[in-house]
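To keep things clear, I will list the structure first and then write my remarks on it.
These figures come from a predicted structure and were not determined experimentally. Proteins get letters first, then strands, A, B, ... in listed order; numbering begins at 1 in each. Values below: every heavy atom of this structure, side chains too, minus hydrogens, waters and symmetry copies.
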There are 2 protein chains.
Amino acid sequence: MAGVRAQQKEKTRRALIHAALNQLCPESSFSSLSLREVAREAGIAPTSFYRHFQNMDELGLTLVDEGGLALRQLLRQSRQRIADGGSIIEISVHTFMDYVTNNKNIFRLMLQEQAGTTKEFRLAIAREIDHFKKELTDYLRTERQTEDKLARIQSDAIVRVVFSAGADILDMNAQERAQLTEQTIQQVRMIARGAANLQETSATNP
Amino acid sequence: MAGVRAQQKEKTRRALIHAALNQLCPESSFSSLSLREVAREAGIAPTSFYRHFQNMDELGLTLVDEGGLALRQLLRQSRQRIADGGSIIEISVHTFMDYVTNNKNIFRLMLQEQAGTTKEFRLAIAREIDHFKKELTDYLRTERQTEDKLARIQSDAIVRVVFSAGADILDMNAQERAQLTEQTIQQVRMIARGAANLQETSATNP
DNA sequence: ATTTTAAGCTAACAAGTGTACGCTGAATTT
DNA sequence: AAATTCAGCGTACACTTGTTAGCTTAAAAT
């Protein structure tokens, strides 16, 4: 059973996703996309859209999920490369910035809908960011022997700084990008240093 | 010359601003507001809108400017209250969070349009954030004798963390808000500590 | 007292939107 | 071979949108 039918369906589903992604330029946000235009670019009739998604939001959530998953996989990969030496901070930040650079539209979508109008979107994106925070917290606790609460506060701060810098990177050229990436690495180190310092202090003053 | 006419014009101008602000709930972003609805709520005909603003974007930019100005004034005020004792970090973060809590709609607008679709918006908001960063940098340099470049990096990190936390506060109740505010204060202290530590280290290793 | 100004109005237009309905035809199942 | 499923289509409807053109009317300027 080749599933000629299911195959074709998947194909136009991808076409819809691709069309939506393609229309997400700096000049038009996801929430301003119209079902009709997306359908037009995917080469189907507007009404056929409903054979694949219940509405545009469902399509958007798919984009967020796929994008978040890809980013997490990249970061997990890059963390494994740490064994070969190299700073985890440096590699992770670079990986993140590269992802943003290569997937501007998806990242912009996440930024926009993070403060956006649909609760389901906001939750989906909060979930993605939480995934991050959690993985980072675990790393800090096990690999860096950071005390639990401190690890959570620290990783929260790091994630905030990195995501925020990622947002700024969207409009930058390669040179500015490299510069901001360097600065972000320094800031993450700053946070790590401050956290370590706090831990020492509280250890001697219990 | 009382200026009965100018007075009335200002009044409906405020009505338009108020109407727009009022329609900025979590369920509808600024870019999804329609000129007609805003005009309707302000009690004028759609076409009369143009007597006050060239288009909706101009209205939005007005909101951003007013909101940013108010926030900066608050922070400047609160910084002067430092003389009476109390941590500048604590007071500033509290002031910021209170502002966000009391002006959710404006702050949400800023968040949305920061990654939004109109370049002019993005620039306006970047400008507001830069104002902040600059005032903080100056403070760090003069009051805390922080080295110039370090002061810039540090204040950049602080502003990122605080703004990001401000975004999260929008959907929270009073208790969660207090908790996140405390955490943010700790994170700012963490950054300050890390920066001081870095400065010491580089002073002894020139 | 007369003229000018301009805030606000009504009417109208062209364009775009989401979605309900029912049909077709090929892939699949029976 | 016959029956069923279902991705995709065309038509149609009821709205909403931004914006133009020209009128009214009271305030301001002359």
Check nucleotides 20-22 of chain C for protein N or O atoms closer than 3.5 Å to its own N or O atoms and list the pairs.
none

Ranking D:dC9, C:dT19, C:dG8 by distance to the side chain of A:Ile44, first place goes to D:dC9

Per atom distances to the B:Leu35 side chain, the nearest of C:dT28, D:dT19, C:dC9 is D:dT19

note: B:Phe53, atom CZ; D:dG18, atom P; distance rounded to Å ~ 15 Å

List in chain and number order the residues that pass side-chain hydrogen bond (donor to acceptor under 3.5 Å, both in side chains) with [X], two or more places apart in sequence or in another chain; answer none if no residue qualifies.
X: B:Thr12; answer: B:His52
X: A:Asn55; answer: none
X: A:Thr137; answer: A:Ser155
X: B:Asn103; answer: none

With sequence neighbours left out, the residues meeting salt bridge (Lys or Arg N to Asp or Glu O under 4.0 Å) with A:Arg127 are none

What residues from residues 10-34 of chain A pass a heavy-atom cutoff of under 4.0 Å to DNA chain C?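 Residues of residues 10-34 of chain A that come under 4.0 Å of DNA chain C are, in numerical order, A:Ser34.
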
Query - Sequence-distant partners of A:Tyr139, ring-ring contact (aromatic ring centres under 6.0 Å, His included), two or more places apart - result: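 By the ring-ring contact (aromatic ring centres under 6.0 Å, His included) rule, A:Tyr139 matches no residue at all.
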
Report task. Could I get the full list of side chain to side chain contact (heavy atoms under 4.5 Å, CB included) partners for B:Thr118, not counting sequence neighbours? Result ->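 Result, side chain to side chain contact (heavy atoms under 4.5 Å, CB included) vs B:Thr118: B:Asp57, B:Glu120, B:Phe121.
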
**Prompt:** What residues, two or more places apart in sequence or in another chain, satisfy side chain to side chain contact (heavy atoms under 4.5 Å, CB included) together with B:Gln186?
**Reply:**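 Scan of B:Gln186 (side chain to side chain contact (heavy atoms under 4.5 Å, CB included), adjacent residues dropped) gives A:Lys149, A:Ile153.
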
Mind listing the N/O atom pairs, protein and nucleotides 3-5 of chain D, below 3.5 Å?
residue : atom : partner : partner atom : Å
D:dT5   : O2   : A:Arg5  : NH1          : 3.1
D:dT5   : O2   : A:Arg5  : NH2          : 3.0

Hey, is CD on B:Glu58 packed in by over 12 heavy atoms from elsewhere, all under 6.0 Å? yes

Specify the residue among B:Ala6 and B:Glu37 whose closest nucleotide of DNA chain D lies further upstream toward the 5′ end.
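Its nucleotide being nearer the 5' end, the pick is B:Glu37.
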
task = Only pairs at least two apart or in different chains count here, so list each salt bridge (Lys or Arg N to Asp or Glu O under 4.0 Å) that has a residue in residues 98-107 of chain A.
result =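 Found none.
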
